[in-house]
Amino acid sequence: MSRTPPSGVQSGYDVVIVGGGVAGLAAAWRTARRGLSAAVIDPSPGGGATHASAGMLAPVSEVTYTEEPLLRLGLASLAAWPAFRAELEDETGADLDYRTEGTLEVARGADDMAVLDDLAAFERTLGLRVERLTGRECRSFEPMLSPSVRGGLLARDDAWVNPRRVVRALLAAFEKAGGMLVNERVTGIDAQGPGAPRVRLESGGAVTAGQVVVAAGSWSASLLPGLPVRPVKGEILRLRGPRGFLTRCVRGLVHGSPAYLVPRGDGEITLGATTQEMGYDARVTAGGVYELLRDARELVPGITELELAETTTGFRPGTPDNLPLIGPAGPPGVLAATGHGRNGVLLSPVTADAVAAFLTGDEVPPVARFCDPGRFSQ
């Protein structure tokens, strides 16, 4: 892939995508495959929220009572993931560690089980497929669960993927489609008249293009002032153990606190995640690590015997209603593809299709209309 830092002003691109996380790279790949010349500008592609992500594709188990538009968006993108994955793997030869065994949601006590029962009743009113399980049935699926697990729910339609493998595959696919990667930091976007925005670089250079897509995650508001995106800090751990220690995602409530464990095919288990409104505080705290291990141990006692391989902090790009921002925003010729919160990996196929449609004048997927950035300015 071309990785040439621009000097002076570069022009001639149809599209410049600012941000190389999973959403930005997916949009860049789809755009380049439609025949547009495209460049992605990011000092460290895949090094932001995607790097810290667990990669859950779980709209069913993550549903909440006030976010039905987000649920519909998530279900549409989940349905697109098998074809998205197959196409990406076919083009690159990558193995995304895409798995479809579903999510097992478990409760440690009676109060937590009551919460899950209420959630299951709500999910069924939405037509979602969930199964109520006893504690014994939960352990038949996952023998490493604690004997004290009282019961749970099985969301068979949920899936998950390794987000770091997805990023590597998207970079390779973007290169194959003729894309350019510029390892620079963007300092601003200037309007140069209709259809000619200019992207300023930290090195002093600049890039102009017919259209610009801001997919810079939680930093997007610094490029498009007024865009309602903020950083939501999350601490996440990666453990290393034997293959088959867990076979599906395990989410749990422990005295009201949520925790999740996501297994990989190589034996890694991603454990997360804290949620903190602390700006760009990148510290991994002793308290955060303790709370994650404490709650996970209540659900799966054997995790304390696994190797602690990595501690990571990420900044989810949050919005006031937890829906992403996808569509025209800011100066003429500028689009947003940001604000995906905890769902960036899940929503990458529908985001990529919507962005490509906006850029080429094609019909935008109807479900993406929930994500109009202009909804906050009305």
Side-chain angles (χ1 to χ4, degrees), residues 1-6 10-51 53 77 80-81 84-85 87-89 91-92 94 96 163-186 189 197 199 201 207-217 219-220 223-224 317 324-329 333-340 344-345 347-362 364-365 368:
M1 180 177 294
S2 299
R3 300 169 183 262
T4 305
Q10 283 200 357
S11 60
Y13 296 110
D14 294 318
V15 182
V16 166
I17 296 92
V18 180
V22 65
L25 289 174
W29 172 46
R30 287 293 203 226
T31 298
R33 290 183 80 250
R34 293 195 182 199
L36 301 183
S37 60
V40 169
I41 306 178
D42 192 306
S44 179
T50 303
H51 185 75
S53 169
S77 204
W81 250 101
F84 182 84
R85 167 252 184 154
E87 191 175 357
L88 192 53
E89 289 187 339
E91 286 201 14
T92 64
L96 304 185
R164 298 180 181 181
R165 293 190 185 185
V166 173
V167 163
R168 290 195 293 269
L170 284 170
L171 285 168
F174 183 52
E175 175 183 15
K176 186 175 180 180
M180 167 79 77
L181 178 64
V182 178
N183 293 119
E184 284 260 22
R185 189 176 305 279
V186 172
I189 299 172
V199 179
L201 306 178
V207 180
T208 63
Q211 299 181 86
V212 171
V213 179
V214 176
W219 287 271
S220 297
L223 303 176
L224 292 177
L325 306 168
I326 306 172
V334 177
L335 285 78
T338 187
H340 294 80
V345 179
L347 298 179
S348 54
V350 74
T351 299
D353 288 341
V355 169
F358 276 117
L359 293 171
T360 58
D362 293 341
V364 176

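For this chain, numbers begin at 1 and follow the sequence in order.
Applying the side chain to side chain donor-acceptor pair (under 3.5 Å) test to pairs two or more places apart or on separate chains, those with a residue in residues 26-36 are Trp29-Glu91, Arg30-Glu87, Arg30-Asp353, Arg33-Glu87, Arg33-Glu91, Arg34-Thr360, Arg34-Asp362.
Of all heavy-atom pairs between Val345 and Ser53, the closest is CG2-OG, 3.5 Å. Closest approach of Pro349 to Ala80, counting heavy atoms only: CB-CB, 3.9 Å. Taking every heavy atom of both residues into account, Pro328 and Phe358 meet most closely at CD-CE2, 3.7 Å. The shortest heavy-atom contact between Gly24 and Ala215 is CA-CB, 3.7 Å. The minimum heavy-atom distance linking Leu88 with Thr92 is given by the pair O-OG1, 2.8 Å. Of all non-hydrogen atoms in Gly333 and Pro197, the two that sit nearest each other are O-CG, 3.8 Å.
Partners of Ala23 according to the side chain to side chain contact (heavy atoms under 4.5 Å, CB included) rule, which considers only residues two or more places apart in sequence or in another chain, are His340, Thr351. A search for side chain to side chain contact (heavy atoms under 4.5 Å, CB included) contacts involving Ser220 returns Val214, Ala216, Leu227, Thr338, not counting sequence neighbours.
Between Leu171 atom CG and Leu25 atom CG the span is 5.0 Å, to the nearest 0.5 Å. Of the inter-residue distances, the one linking Met180 atom CE with Ile17 atom CD1 reads 12.5 Å to the nearest 0.5 angstrom. With values rounded to the nearest 0.5 angstrom, Asp42 atom CG is found 8.5 Å from Arg185 atom CZ. One finds the CG atom of Leu347 at 10.5 Å from the CH2 atom of Trp81 (value rounded to the nearest 0.5 Å).
Between Pro45 and the options Asn183, Leu170, Val40, a side chain to side chain contact (heavy atoms under 4.5 Å, CB included) holds for only Asn183. The residue from Val199, Val207, Val213 that alone fulfils the side chain to side chain contact (heavy atoms under 4.5 Å, CB included) condition with Val18 is Val199.
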Leu201/Val186 under side chain to side chain contact (heavy atoms under 4.5 Å, CB included): CA gap, chis, key distance, verdict: CA-CA 5 Å; Leu201 306 178; Val186 172; 4.1 Å; yes

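Annotation: Arg164, atom CZ; neighbour count of heavy atoms from other residues, nucleotides and ligands within 6.0 Å is above 12.
In this structure a side-chain-to-backbone donor-acceptor pair under 3.5 Å is missing from Gln211 to Leu335.
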